[in-house]
Amino acid sequence: MTIPRRRMAPLALAFPLLLPGAAIAAPAWTTPQFVSEAGQDALAPSLAVRDGGGAMLVWQRSNGANQIVQSTERTPAAAAWSTPADRSAAGSNATAPDVAIAADGDAVVAWVTGSVVKTTVRQDGAWGAVETRPAGSASGAPALAMNGGGNAALAWRSTVTGFPMLVVATHTPGAGWGTTDLLFGSARPDTPRPSLAMSGDRAAVAYTGDANILARFTDGGAWDDQALLGAGATSAPRVAVASSGEVVLVWVGPHAGQSAVWVARRAPGAGWGAPVVVTTSPLTLSAPDVALAPTGESVIAWSQQAGGDTRVMTASGTGGTWQAPVEVSATLDATAGAPRVAMAQDGGALVSWDQDGLDGTAVRAVVRTPGGAWGTPATLGNARPTEYDGSAQPITQDVAVEVDDGSPVVAWRDTDGDNSRVMTATFDRTGPPHTAVTVPSTVQTGTPVDVSVTVGADISSVAGSPVWSWGDGTAAGGGASAQHTYATAGTYTVTVTSTDALGNARSTTRTITVTAPPPPPPPPPPPPPPPAPPADPAPPAPPADPVTPPADPDPGRDPVPADPTPGIPAFTLPARLALRQPVLPLTVRCTGGDCEIRIQVRFDAGPVLTRSANILEDRRFTATMPLPAAAAARLRRSGRIGVAVSLSRRVDGAWRPVATARTTLVRVR
C-alpha cells in the first residue's frame with residue numbers, strides 16, 4: 001500500500017475555512033474520477049501537493065510489456081488533471097514510485113528499476129534526464145520529501161556489502177544531487193519504505209531496525225546519530241515535521257503485555273523526548289499515521305481490532321499531552337485499515353482509510369474542523385472484487401492523502417470493470433481563486449475608477465459573475481470588469497467576491513485613497529493694450545475732482561459703503577449667507593472711475609474659484625460662482641461651509657489686493 005509523506009509544502013496548506021478571504025458555504029466531496037488511462041492496470045498511486053494549490057500524482061502502469069511510472073498534474077490555474085505522461089523509460093520495469101513538489105512547481109519523482117533507485121527532477125518547468133542513485137542495491141521503495149524552496153530529500157532501504165541500511169540523499173535547485181549518506185543501522189525488510197518528512201531546512205527519517213524504531217534528524221547540516229526509540233516495535237513508524245521545528249513520531253509496539261500506540265516528540269532545538277503511550281489494547285493495533293500542524297497540535301490515526309471488526313481510531317495532542325482516542329470509522333462488520341492523516345495549519349484535519357465490508361472494499365474519509373468534532377464519514381469509491389488479467393483478484397486500496405489549496409485530496413486504486421485504475425476525489429471547501437486583481441491605489445473624486453479581476457479555475461465550476469463592494473455604502477457592482485465613481489474624499493476598502501457552484505466564496509480586498517481634485521490654475525493675464533498711434537497721442541488726463549458715488553438704487557440688497565478713493569472697487573458680505581441652490585452670488589461696485597477686477601473664492605473644502613471682469617464707473621457687477629462638487633457635497637452633508645473672498649484690482653498691469661471678507665454659507669432646505 002502506498003504511504004503518503006508529510007511534507008512542508010502540502011501540510012502548510014489549510015482547509016478553506018482557514019484561509020483568509022475564503023467563506024465556507026457548502027463544502028462537499030467532488031465526484032471521484034479516473035486519472036490513469038483505461039486499457040492497462042495502474043498500481044501504487046502517490047500524491048503530493050504544492051503551496052498555493054495544485055497537485056501531482058504518480059503511479060506505475062503496464063504498457064503491455066513493462067511497468068512504467070506515469071504522472072499527472074493539476075496546476076493552480078486548472079481544475080482538471082492533465083493527460084498522464086511517462087516519467088520512466090520503456091524497456092525496463094519501474095515500480096514503487098514516489099513524488100514531491102515545491103510551491104513554484106519544481107518536482108522530483110523517484111522509483112525502483114531492477115535493484116537501483118532512479119530519479120528525475122523538474123526545474124523551471126522542464127523535466128531532466130533520468131538519473132541513477134548510487135549506494136548499493138535498492139531493497140525497498142524510495143521516499144521523497146520537499147520543502148517550499150525546492151530542496152528535496154530522498155531515502156531508501158539498501159543493501160550495501162550484504163548489510164541492510166538506510167541511504168539518504170539531498171537535492172538543491174541549481175546544484176543537483178549531493179553526496180549520498182549511509183545511515184548505519186539495520187533496516188528490517190518488513191518496512192520497505194521509510195518515513196521521511198521535511199520542513200524548511202529540517203528533515204527527519206524513521207524506519208524499523210532489527211529491534212528498535214530508528215530515527216535520524218538534520219537541521220540543514222549532517223544527519224545526527226540514530227535514536228533507538230521503540231524496542232520490540234511491530235509496525236513501521238510514521239514521522240511528521242512542522243515549520244516550527246517540532247517532530248512527532250508514532251509506531252505500534254508492546255507495552256505491559258499488550259499492544260500500544262507509542263509517540264515520541266522532538267521539541268525545537270532539543271533531542272528526542274521519552275516515548276509515551278497513547279493507548280493500549282489486548283487486541284491488535286496497527287498501521288499508525290501522524291500529521292502535525294504549526295500550532296503544535298498533532299493528530300494520529302491507527303487501526304484497532306474490536307472483536308470481529310477493525311476500527312479506525314484517532315487521538316490528538318499538544319506538547320506530549322494526548323486526548324482520549326476517538327473512533328471515526330463508525331461502521332460495524334467491517335475491517336477498516338491503513339488510515340492516512342492530513343492536517344491543516346490551525347487544526348483542520350482529514351483521515352481516510354480503506355474498508356472491507358459486506359458490500360466490498362471502499363475508500364472512506366472524514367473531516368474535522370478546527371476546534372470541532374469529526375464529521376460523518378463519506379464513502380468516496382468502491383473497489384469491487386473483480387476479474388482481470390485472467391485471475392480473480394480483489395483490488396485493495398492504495399490510499400494517499402494530502403491537501404490541495406486548502407481542500408483535502410485522496411487518491412486510490414479502483415477498477416473500471418476491466419482494469420485497476422487510479423482515482424481521485426477532493427473535498428472542495430474553497431471558492432474560485434483570484435489570479436489577478438487590479439484596483440488603482442489613488443483616484444480623485446468625480447473621476448470614474450476602473451477595476452478588474454481574473455478568476456482562476458475552481459475544482460467545482462464557477463457560478464455567476466464576481467461581485468464588487470466599494471466601501472462607501474453605495475450599491476455593489478458586478479462583472480470581471482467594473483467602474484465606480486467616488487463622491488467624497490477618503491480611504492476605502494474595495495472587495496471582490498467570486499463563488500463556485502457549491503456556494504464556496506473567496507474574497508480579495510484592496511485599499512484605494514480618494515482625494516479632492518486640485519484647484520484650477522488662475523487665468524492668464526490679458527495681453528497689454530497696443531501702444532497709442534504716435535501721430536495721435538492721448539491728451540493728458542485733467543486732474544480728477546472728488547466724486548461722490550450716486551445713491552445705491554438697491555441699498556437693501558447690496559449695501560456698499562462710500563469709498564473715498566476714486567476708481568476703487570468695493571463689496572460687502574453678510575456674516576451668514578443662506579443658499580437654496582449651490583451657487584454663490586457676489587456683487588462688486590466700482591466708484592470714481594472704471595475698474596478691472598478679479599474675485600477669488602476659497603472654500604473650506606479646498607477648491608478655489610476665480611472670476612475677472614471690467615466694471616464701468618458707478619456700475620455693479622454680479623459674479624455667480626457655482627459651488628464645486630466637493631464643497632456642494634459638504635454643504636449638503638453638514639448644512640454649512642466657510643468661504644473666504646478676496647477682491648483685487650489691476651493697477652499698472654499688476655493685481656493689487658483691495659478687500660477681503662469671510663462668510664458662512666448656510667443651506668436652506
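Count residues from 1 along the sequence.
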query: What's the verdict on side chain to side chain contact (heavy atoms under 4.5 Å, CB included) for W59 and T72, showing C-alpha distance, side-chain angles and the deciding distance?
result: CA-CA 9 Å; W59 59 85; T72 181; 3.5 Å; yes
query: N93 side chain to Q67 main-chain N or O, any donor-acceptor pair under 3.5 Å?
result: yes
- prompt: Hey, what do you get for OG (S316) to CD (E297), rounding to the nearest 0.5 Å?
  reply: 5.0 Å
task: Side-chain contact test, heavy atoms from C-beta onward, threshold under 4.5 Å: evaluate it for T335 versus Q355 and give yes or no.
output: no
- prompt: Just checking, any donor-acceptor pair under 3.5 angstrom between side chains of T132 and K118?
  reply: yes
query: Do you know the tightest heavy-atom contact between A365 and L380?
result: CB-CD1, 4.0 Å
message: With heavy-atom distances below 4.5 Å as the criterion, would you say the side chains of L249 and L229 are in contact?
response: yes
- line: Tightest non-hydrogen contact, residues Q123 and P173, listed as NE2-CA, 3.1 Å
message: Measuring only between side-chain heavy atoms, which start at C-beta, is F217 closer than 4.5 Å to V247?
response: yes
- prompt: Considering all heavy atoms of both residues, which atom of G148 and which atom of A102 are nearest to each other, and what is their separation?
  reply: O-CB, 4.0 Å
Under 3.5 Å donor-acceptor, D41 side chain and S420 backbone: yes
field: D106 and R122 ion-paired at < 4.0 Å
entry: no
query: Under 3.5 Å, is there a donor-acceptor pair between the R133 and T119 side chains?
result: yes
query: Say you draw a straight line from CD of E327 to OG1 of T314; how long is it, rounded to the nearest 0.5 Å?
result: 9.5 Å
query: Under 3.5 Å, is there a donor-acceptor pair between the side chain of S46 and the main chain of D98?
result: no
message: Between R238 and D289 (side chain of the first, backbone of the second, donor and acceptor by atom type, cut-off under 3.5 Å), is there such a pair?
response: no
task: Considering non-hydrogen atoms only, spot the tightest contact between V351 and W353 and give its length.
output: O-CZ3, 3.6 Å
- request: Output, in order, the C-alpha distance, side-chain angles, deciding distance and verdict of salt bridge (Lys or Arg N to Asp or Glu O under 4.0 Å) for R266 and D224.
  value: CA-CA 13 Å; R266 184 186 182 111; D224 66 0; 3.2 Å; yes
message: Using the rule side chain to side chain contact (heavy atoms under 4.5 Å, CB included), only one of V250, V263, L292 pairs with S298; which is it?
response: L292
- prompt: Does R368 make a cation-pi contact with W374 (under 6.0 Å, within 45 degrees of the axis)?
  reply: yes
- request: Begin with the C-alpha distance, continue with both residues' side-chain angles, and end with the deciding distance and a verdict on side chain to side chain contact (heavy atoms under 4.5 Å, CB included) for M56 and R74.
  value: CA-CA 6 Å; M56 183 172 289; R74 189 170 68 194; over 6 Å; no
message: Distance check, rounded to the nearest 0.5 Å: L166 atom CG versus S158 atom OG?
response: 9.0 Å
query: Say you draw a straight line from CG of D428 to OG1 of T30; how long is it, rounded to the nearest 0.5 Å?
result: 7.5 Å
field: Within-4.5 Å side-chain heavy-atom neighbours: S259 and V252
entry: yes
Check: P142 main-chain N/O paired with R193 side-chain donor or acceptor under 3.5 Å: yes
- prompt: Looking at side-chain heavy atoms only, is the closest gap between V278 and I300 below 4.5 Å?
  reply: yes
field: Nearest non-hydrogen partners of L57 and P45, listed with the distance
entry: CD1-CB, 4.1 Å
- line: Between the CD atom in Q258 and the CG atom in L283, the distance rounded to the nearest 0.5 Å is 9.0 Å
query: Is there a donor in the side chain of S352 and an acceptor in the side chain of R340, or the other way round, less than 3.5 Å apart?
result: no
field: Stacked cation flag R87 on W127, 6.0 angstrom / 45 deg
entry: yes
- prompt: What orientation do W251 and W262 show, parallel under 30°, tilted 30 to 60°, or perpendicular over 60°?
  reply: parallel
- prompt: Are W302 and S286 close enough that a side-chain donor and a side-chain acceptor fall under 3.5 Å?
  reply: no
- prompt: Going through the checks in order, is the side chain to side chain contact (heavy atoms under 4.5 Å, CB included) test met by D354 and W412?
  reply: CA-CA 9 Å; D354 55 339; W412 69 94; over 6 Å; no
- request: Determine yes or no for a side-chain-to-main-chain donor-acceptor pair under 3.5 angstrom, with Q70 supplying the side chain and V58 the backbone.
  value: no
task: Could you pull out the closest heavy-atom pair between W111 and A94, with the gap in Å?
output: CD1-CB, 3.3 Å
task: Check for a donor-acceptor pair, side chain of R421 on one end and backbone N or O of S36 on the other, with a separation under 3.5 Å.
output: yes
task: Kindly determine whether V108 and V99 satisfy side chain to side chain contact (heavy atoms under 4.5 Å, CB included), including the steps that lead there.
output: CA-CA 6 Å; V108 180; V99 62; over 6 Å; no
From CG (D181) to OG1 (T218), nearest 0.5 Å: 9.0 Å
- request: Taking the side chain as every heavy atom from C-beta outward, state whether V409 and L47 have any pair of such atoms under 4.5 Å apart.
  value: yes
query: Can R311 and S329 be counted as having a side-chain donor-acceptor contact under 3.5 angstrom?
result: no
- request: Compare all side-chain heavy atoms of V117 with those of L154 and state whether any distance is below 4.5 angstrom.
  value: yes
message: With heavy-atom distances below 4.5 Å as the criterion, would you say the side chains of T170 and N151 are in contact?
response: no
Ionic contact status for E246 with R265, cut-off 4.0 Å: yes
